[in-house]
Amino acid sequence: MDSLFRGTLWTILILFTLPHLTCNMLCPGSCLCNFKGAVKCVGDAITDIPHNLPVHTYLLQLNGTQMNIINERSLADQDLLSRFSLTYSHLHAIHPNAFHVAPQLKSVKLSSNDLSTISARVFSPLATL
């Protein structure tokens with residue numbers, strides 16, 4: 001009975017620890033990820049939206065990057081992403097279809113960038129914005 005109890009305790013410990021380990025193992029360089037799905041990336045080394053973000057990412061904050069453009073596929077494969085922020089960077093263009101791959105976005109913050117104009121259709125697929 002004692003070994004069964006220990007085995008159960010180990011299983012519970014692993015189940016509670018695994019999400020923390022998995023999230024940290026999959027977090028891209030220059031980023032900090034938490035187990036709840038928030039990812040914050042900072043620095044000049046970032047020139048595009050990082051690949052291999054945790055699959056449960058709901059919040060992506062990019063700050064002080066060298067990103068010049070949000071491409072047509074930059075936000076692809078981020079099905080749970082609902083909040084996106086790109087601030088204090090060198091963003092000067094957004095592809096007209098950049099947000100078509102992420103229609104579930106509810107919040108987009110693009111302050112303190114080098115944007116002068118944005119196509120009227122850029123935000124059209126974001127019905128819940």
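This is a predicted model, so every value here is computed, not measured. Side chains included, hydrogens not; waters and symmetry mates left out as well; all remaining heavy atoms used.
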Notebook entry, point to check: Looking only at atom types and distance, does a side-chain atom of His90 sit under 3.5 Å from a main-chain N or O of Gln66, one as donor and one as acceptor?
Noted result: no
Item checked: Side-chain heavy-atom pair Val101, Arg73 within 4.5 angstrom cut-off -> yes
Margin query: Would you say Leu75 ends up clustered with Tyr58 if hydrophobic residues are merged whenever their side chains have heavy atoms under 4.5 Å apart, either directly or through other cluster members?
Written below: no
Item checked: N/O donor-acceptor pair under 3.5 Å between Asn113 side chain and Leu115 backbone -> no
Check: Rounded to the nearest 0.5 Å, how far apart are CG of Asn34 and OG1 of Thr57?
Finding: 9.0 Å
Notebook entry, point to check: Can you tell me if CG on Leu32 sees more than 12 non-hydrogen neighbours from other groups inside 6.0 Å?
Noted result: no
Checklist line | Residue pair Pro50 / Leu62, side-chain heavy-atom distance below 4.5 Å | finding: yes
Margin query: In this structure, would Ile118 and Val108 fall into the same cluster of hydrophobic residues linked by side-chain contacts under 4.5 Å?
Written below: yes
Next item on the list: State, yes or no, whether a side-chain contact exists between Ile70 and Val122 at a heavy-atom distance under 4.5 Å.
Entry: no
Next item on the list: For Met67 and Asp48, run side-chain contact (heavy atoms from CB on, under 4.5 Å): C-alpha distance rounded to whole Å, both residues' side-chain angles, the deciding distance at 0.1 Å, then the answer.
Entry: CA-CA 6 Å; Met67 281 188 64; Asp48 197 0; 4.1 Å; yes
Next item on the list: Over 60° means perpendicular and under 30° means parallel, so classify the ring planes of Phe99 and Phe84, tilted if in between.
Entry: perpendicular
Item checked: Side chain Gln104, main chain Leu81, donor-acceptor under 3.5 Å -> yes
Next item on the list: Determine yes or no for a side-chain-to-main-chain donor-acceptor pair under 3.5 angstrom, with Ser89 supplying the side chain and Thr87 the backbone.
Entry: yes
Next item on the list: Following the transitive rule for hydrophobic clusters with a side-chain heavy-atom cut-off under 4.5 Å over Ile, Leu, Val, Met, Phe, Trp and Tyr, establish whether Leu126 and Ile49 coincide in one cluster.
Entry: yes
